[in-house]
Amino acid sequence: MLKSFKTEINPTKEQIIKINKTIGTCRYIYNFYLAHNKELHENGEKFMSGKSFSVWLNNEYLPQHSEYAWIKEVSSKSVKKSIENGCTAFTKFFKGKSGFPRYKKKGKSDVKMYFVKNNSKDCFCERHRISIPTLGWVRLKEKGYIPTSKDGYVIKSGTVSVKAGRYYVSVLVEIPDTKVANNSNVGIGIDLGLKDFAILSNGTTYKNINKSAKLKKLEKQLRRQQRCLSRKYENLKKGEVTQRANIQKQKLKVQKLHHRIDNIRTDYINKTIDKIVKTKPSYITIEDLNVKGMMKNRHLSKAVASQKFYEFRRKLKNKCDENGIELRVVDRFYPSSKMCHCCGYIKEDLKLSDRIYKCKCGYIEDRDFNASLNLRDAKIYKVA
């Protein structure tokens with residue numbers, strides 16, 4: 001079984017230069033591949049696949065254009081991977097799964113440096129460092145997180161990425177399948193919301209992390225730094241003396257705050273999922289939320305986006321697969337909030353402001369807890 005591990009690294013100045021150079025070259029090659037196919041289409045010629053483009057680039061284009069010799073100075077595996085990514089983007093577009101591929105922008109698009117294990121000396125990991133092709137040994141900031149090669153774990157491939165001035169390595173490690181069969185008959189229903197993040201049918205409630213004093217303070221700092229950055233851009237447009245170096249410094253401050261806020265929310269999701277899985281239920285039932293429709297409400301769109309419902313579902317599925325837990329997904333039109341858990345009556349006139357569910361049969365319960373109970377006992381569902 002392959003499992004990914006991502007952690008922060010502490011590269012030297014020379015390694016930072018190599019990483020930035022490789023990422024910049026990969027971005028250029030990706031954009032060149034898109035532009036070349038656009039030109040072929042305008043001239044009425046046949047679309048060029050990733051493999052054909054790679055052969056044409058190395059055998060025809062680069063020998064005739066010596067000014068682009070710097071493309072050969074970086075890892076060939078990274079360059080080929082960027083071409084493959086461009087080909088995949090075109091394939092998804094032709095199949096109608098996504099829009100037309102867009103160009104990668106410097107400092108905005110998430111471009112990564114790809115590496116793969118070619119021989120026994122490559123991708124060797126120790127407790128405090130990892131060997132990456134073309135970079136050599138790179139120190140890890142979090143020691144002991146990635147399984148070491150001495151313990152028999154094999155790293156197949158990986159990527160190096162940059163975010164807010166910090167460098168990360170993500171590796172695919174081959175580990176033994178540790179799926180454990182669960183004999184418990186007790187299931188859990190999870191109702192996700194905005195007032196509270198997750199309400200479980202066993203009575204546990206996980207609060208909304210966005211309401212914490214720490215996040216509110218960071219968001220206030222973010223608004224101030226964004227206003228400062230905006231003023232610098234406005235002064236530049238007016239022709240006033242504003243050094244671009246100062247704009248880049250301010251831009252990095254904004255990126256770091258965004259990154260820190262995102263890390264706090266992601267960490268909260270990871271810890272919540274870990275606590276839920278540790279209860280060892282036989283199954284977990286969640287609702288297929290219409291997040292795209294919820295985002296259309298301009299009053300709730302920010303709150304919905306900050307909750308990261310899709311990321312929660314994706315990570316919960318991975319954790320359930322590892323622990324042998326069945327993840328059930330109920331249809332989005334299932335009346336979990338409107339239905340009485342006691343008698344099954346569906347209250348059609350239930351409003352969003354009604355936080356307490358009151359039924360004609362005398363059943364009174366918290367609205368979200370009642371929904372989690374209905375999700376737990378749902379008979380119609382799909383296994384994710």
Side-chain angles (χ1 to χ4, degrees), residues 1-16 18-19 22-23 74-78 80-81 84 110 112-163 166-184 259 262-264 266-282 284 311-327 384:
M1 183 177 74
L2 292 175
K3 187 177 180 180
S4 64
F5 295 86
K6 185 177 181 180
T7 186
E8 191 175 355
I9 56 177
N10 189 16
T12 61
K13 290 183 179 179
E14 292 78 11
Q15 289 170 340
I16 288 174
K18 284 185 180 180
I19 293 169
T22 305
I23 290 176
V74 301
S75 171
S76 60
K77 301 293 182 183
S78 297
K80 285 183 179 179
K81 186 64 177 178
E84 288 177 13
D110 186 20
K112 300 174 183 178
M113 170 187 168
Y114 176 79
F115 61 90
V116 66
K117 186 179 180 68
N118 293 320
N119 52 62
S120 58
K121 294 182 180 180
D122 286 342
C123 305
F124 194 84
C125 182
E126 295 181 358
R127 183 176 177 272
H128 64 289
R129 60 179 186 169
I130 183 172
S131 175
I132 300 175
T134 71
L135 293 180
W137 287 104
V138 185
R139 297 189 68 84
L140 301 171
K141 284 196 173 182
E142 189 176 0
K143 298 177 183 178
Y145 175 65
I146 300 177
T148 59
S149 302
K150 290 181 180 179
D151 296 332
Y153 295 98
V154 180
I155 296 176
K156 294 293 185 181
S157 62
T159 57
V160 178
S161 57
V162 186
K163 193 169 185 180
R166 299 167 74 173
Y167 294 81
Y168 297 88
V169 62
S170 177
V171 293
L172 273 176
V173 183
E174 189 174 359
I175 61 173
D177 193 355
T178 56
K179 188 180 289 186
V180 180
N182 204 325
N183 297 322
S184 173
H259 191 41
D262 183 63
N263 284 346
I264 291 172
T266 304
D267 181 64
Y268 184 71
I269 289 174
N270 293 338
K271 289 179 178 177
T272 300
I273 292 172
D274 191 54
K275 289 176 183 177
I276 293 171
V277 172
K278 278 183 178 179
T279 59
K280 297 183 179 180
S282 57
I284 296 175
E311 186 174 348
F312 175 83
R313 175 175 168 175
R314 178 176 58 83
K315 291 186 174 182
L316 180 63
K317 183 185 181 303
N318 294 337
K319 205 72 174 177
C320 287
D321 291 342
E322 289 178 16
N323 293 272
I325 300 172
E326 184 181 70
L327 180 62

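From L316, atom CG reaches atom CG of D321 across 9.5 Å, with rounding to the nearest 0.5 Å. Note that the CD1 atom of I284 and the CG atom of N323 stand 9.0 Å from one another [nearest 0.5 Å]. Between the SG atom in C123 and the CD1 atom in I155 there is a gap of 6.0 Å [rounded to 0.5 Å]. Between the CZ atom of R166 and the CG atom of N10 there is a distance of 11.0 Å, given to the nearest 0.5 Å. The structure places OG of S161 at 7.0 Å from CD1 of I23, a figure rounded to the nearest 0.5 Å. For the atom pair CZ (F115) and OG (S157), the distance works out to 7.5 Å, reported to the nearest 0.5 Å.
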Show the numbers, then the answer: is there a side-chain contact (heavy atoms from CB on, under 4.5 Å) between I9 and V160? CA-CA 9 Å; I9 56 177; V160 178; 4.1 Å; yes
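In plain terms, the two heavy atoms of N270 and K315 that are nearest each other are OD1-NZ, 3.0 Å.
For the pair K81/E84, a side-chain contact is recorded, criterion being any heavy-atom separation below 4.5 Å from C-beta on. Within the 4.5 Å cutoff, no side-chain heavy atoms of I132 are placed close to those of Q15.
Summarising the local packing, OH of Y168 is surrounded by more than 12 heavy atoms from other residues, nucleotides or ligands at distances under 6.0 Å. The local environment of NZ in K117 is crowded, with over 12 non-hydrogen atoms from other residues, nucleotides or ligands closer than 6.0 Å.
Residue pairs meeting the salt bridge (charged side-chain N to carboxylate O under 4.0 Å, His left out) criterion with at least one member in residues 129-141, sequence neighbours excluded: E8-K141, E126-R129.
Remark: the backbone N or O of E174 is not paired with any side-chain donor or acceptor of K156 at under 3.5 angstrom.
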